[in-house]
Amino acid sequence: MRRALAISCLASAGFLLGSTGSAGVDSVWSRAQAPAIGPALAIGTYTAGCVQGAKELPTEESRYSVMRPERRRMFGHPRLIDFISQLGARMAEAQLRPLAVGDLGQARGGPAPNGHASHQNGLDVDLWFSPAAPGAEQHPMVDLETQTPSAHWSERVPTLLKLAAADPRVARIFVNAVIKRELCDHTVGDRAWLGKLRPWWGHHEHFHVRLACPEDSPQCQAQPPIPAGDGCGDELAWWLNPESAKDKERGIETYGKRVGAQPKLPESCNKLVR
């Protein structure tokens with residue numbers, strides 16, 4: 001049962017190696033400076049794909065700030081750019097301090113030389129729990145030693161996650177399992193949005209939003225639907241079990257790919273960088 005749950009959790013997440021890059025050096029994908037011309041299309045999977053007609057997230061915005069513009073990972077499908085802008089607006093309405101935006105993807109998507117195995121087809125973005133400010137740092141919301149909320153935890157965390165999950169374009173949001181447990185224990189009333197929160201190792205300083213495949217991107221490969229319910233039962237218990245880390249390594253070896261392995265991209269992706 002535990003082994004089957006491990007496989008299910010890894011497949012549901014859809015990462016190859018979480019936040020570990022799959023390409024160790026610069027490539028045609030990381031060197032591309034401008035989006036591929038053509039209609040906006042998310043192509044392939046989140047971990048083996050690309051994007052045509054991407055847009056660059058504007059950096060001059062009062063509702064959010066791009067925290068690492070020097071990485072040049074500010075590109076995404078127009079649907080993702082719109083999601084970030086609208087989330088920033090909803091946060092302002094809720095009187096929350098501005099959104100801190102981490103990585104989206106590269107100009108044409110594809111494998112990054114470091115930092116991510118996903119973020120390839122223009123539909124992933126990392127958002128910080130900490131608010132945007134000059135020189136801001138990512139503050140951990142989880143004390144990894146005690147596996148409890150850290151001193152930085154505030155009502156900003158559940159409010160921000162609920163606002164993001166409420167967007168119908170959002171398919172999944174990856175968070176640390178301790179964060180999910182805290183929300184499962186203290187959320188009253190509407191709990192449907194909790195189902196979109198998917199536990200994953202790390203993700204104690206930021207959360208990872210993944211949009212569903214756009215209807216007009218026929219080559220975008222969606223992940224399996226998330227299970228019904230709020231996800232606060234056996235699945236969450238598995239993630240909080242220290243023994244689960246051993247299943248993580250076995251799952252990556254059997255069902256994922258290790259550092260240095262290049263994902264096989266759809267042929268239509270290869271045409272974007274020729």
Side-chain angles (χ1 to χ4, degrees), residues 11-19 21-23 29-30 32 34-36 38-58 64 66 68 71-88 90 99 101-112 115-128 160-161 163-175 193 195-198 200 203 206-226 256 263-266 268-269 272-273:
S12 173
F15 288 104
L16 295 180
L17 289 174
S19 60
S22 57
W29 295 102
S30 60
L41 294 173
I43 301 170
T45 70
Y46 302 93
T47 56
C50 59
V51 58
Q52 175 182 283
K55 286 189 176 180
E56 184 173 3
L57 183 70
Y64 63 79
V66 177
R68 294 171 176 166
R71 289 164 69 96
R72 294 289 297 163
R73 296 177 185 174
M74 302 177 293
F75 297 88
H77 188 281
R79 178 172 290 198
L80 182 65
I81 304 302
D82 187 57
F83 162 77
I84 295 169
S85 178
Q86 290 188 15
L87 178 59
R90 289 194 292 270
L99 181 66
V101 181
D103 285 353
L104 285 71
Q106 300 172 140
R108 303 186 184 192
H116 304 287
S118 56
H119 292 250
Q120 293 198 31
N121 66 357
L123 299 173
D124 290 312
V125 61
D126 286 338
L127 302 173
W128 294 13
L160 177 52
L161 288 171
L163 285 173
D167 193 304
R169 295 169 292 192
V170 172
R172 286 166 165 77
I173 299 177
F174 298 101
V175 298
W193 62 278
K196 288 187 179 181
L197 304 187
R198 314 308 295 165
W200 193 257
H203 291 81
H206 74 277
F207 60 103
H208 177 154
V209 176
R210 174 166 291 170
L211 302 191
C213 285
E215 297 82 358
D216 57 357
S217 290
Q219 295 184 70
C220 181
Q221 298 179 38
Q223 291 180 248
I226 58 177
K264 180 174 176 57
L265 304 184
S268 52
C269 287
L272 294 187
V273 289

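One-based numbering along the sequence shown.
The minimum heavy-atom distance linking Ala107 with Val51 is given by the pair O-CG1, 4.3 Å. The two residues Trp128 and Gly102 have their closest heavy-atom pair at NE1-CA, 3.9 Å. The shortest non-hydrogen separation linking Cys213 to Ala222 is SG-N, 3.6 Å. Contact detail for Ala164 and Val170: the closest heavy-atom pair is O-CG2, 3.3 Å. For the pair Val101 and Leu57, the tightest heavy-atom approach, listed with the atom from each and the gap, is CG1-CD2, 3.9 Å. Heavy-atom minimum distance, Gly76 versus Leu104: N-CD2, 4.3 Å.
Partners of Arg72 according to the salt bridge (Lys or Arg N to Asp or Glu O under 4.0 Å) rule, which considers only residues two or more places apart in sequence or in another chain, are Glu56. For Ala40, the side chain to side chain contact (heavy atoms under 4.5 Å, CB included) criterion is met by His77, Pro78, not counting sequence neighbours. By the ring-ring contact (aromatic ring centres under 6.0 Å, His included) test, Phe207 is found to be paired with Phe129, residues two or more places apart in sequence or in another chain being considered.
Counting only heavy atoms from C-beta outward, the side chains of Leu87 and Leu127 approach each other to under 4.5 Å. Contact annotation: the side chain of Arg169 approaches that of Asp82 to within less than 4.5 Å [non-hydrogen atoms, C-beta and beyond]. Contact check for Ile43 versus Asn121: no side-chain heavy atoms found under the 4.5 Å cut-off.
Here Gln86 contributes atom CD and Ile81 contributes atom CD1; the two are 12.0 Å apart, rounded to the nearest 0.5 Å. The line from CD of Gln221 to OG1 of Thr47 is 9.0 Å long, rounded to the nearest 0.5 Å. Arg172 contributes atom CZ, which lies 7.5 Å from atom OH of Tyr46 (distance to the nearest 0.5 angstrom). Atom CG of residue Leu80 and atom CZ of residue Phe75 lie 12.5 Å apart, to the nearest 0.5 angstrom. In this structure, Ile173 CD1 and His208 NE2 are separated by 10.0 Å, a value rounded to the nearest 0.5 Å. Residue Leu123 holds its CG atom at 8.0 Å from CZ of Arg79, rounded to the nearest 0.5 Å.
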Could you walk me through whether Gln223 and Arg198 pass side-chain hydrogen bond (donor to acceptor under 3.5 Å, both in side chains), step by step?
-> CA-CA 13 Å; Gln223 291 180 248; Arg198 314 308 295 165; over 6 Å; no

Are Leu160 and Leu99 close enough, and set up right, to give a side-chain contact (heavy atoms from CB on, under 4.5 Å), and what steps lead you there?
-> CA-CA 9 Å; Leu160 177 52; Leu99 181 66; 4.1 Å; yes

Please test Arg90 against Asp167 for side-chain contact (heavy atoms from CB on, under 4.5 Å), starting from the C-alpha separation and ending with a verdict.
-> CA-CA 11 Å; Arg90 289 194 292 270; Asp167 193 304; 3.5 Å; yes

Evaluate the side-chain contact (heavy atoms from CB on, under 4.5 Å) criterion for residues Gln52 and Ser268: first the C-alpha distance (whole Å), next the side-chain angles of each, then the deciding distance (0.1 Å), finally the verdict.
-> CA-CA 10 Å; Gln52 175 182 283; Ser268 52; over 6 Å; no

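Results of the side-chain contact (heavy atoms from CB on, under 4.5 Å) test with Gln120 over Cys269, Pro111, Cys50 single out Pro111 as the only residue that passes. In summary, of the residues considered (His119, Arg71, Arg68), a side chain to side chain donor-acceptor pair (under 3.5 Å) with Asp103 occurs for Arg71 alone.
Using a distance-only test at 3.5 Å, with no hydrogens or angles considered, no donor-acceptor pair links the side chain of Arg108 to the main chain of Ala32.
A tilted orientation is assigned to the rings of His203 and Phe174, their planes being inclined by 30° to 60°.
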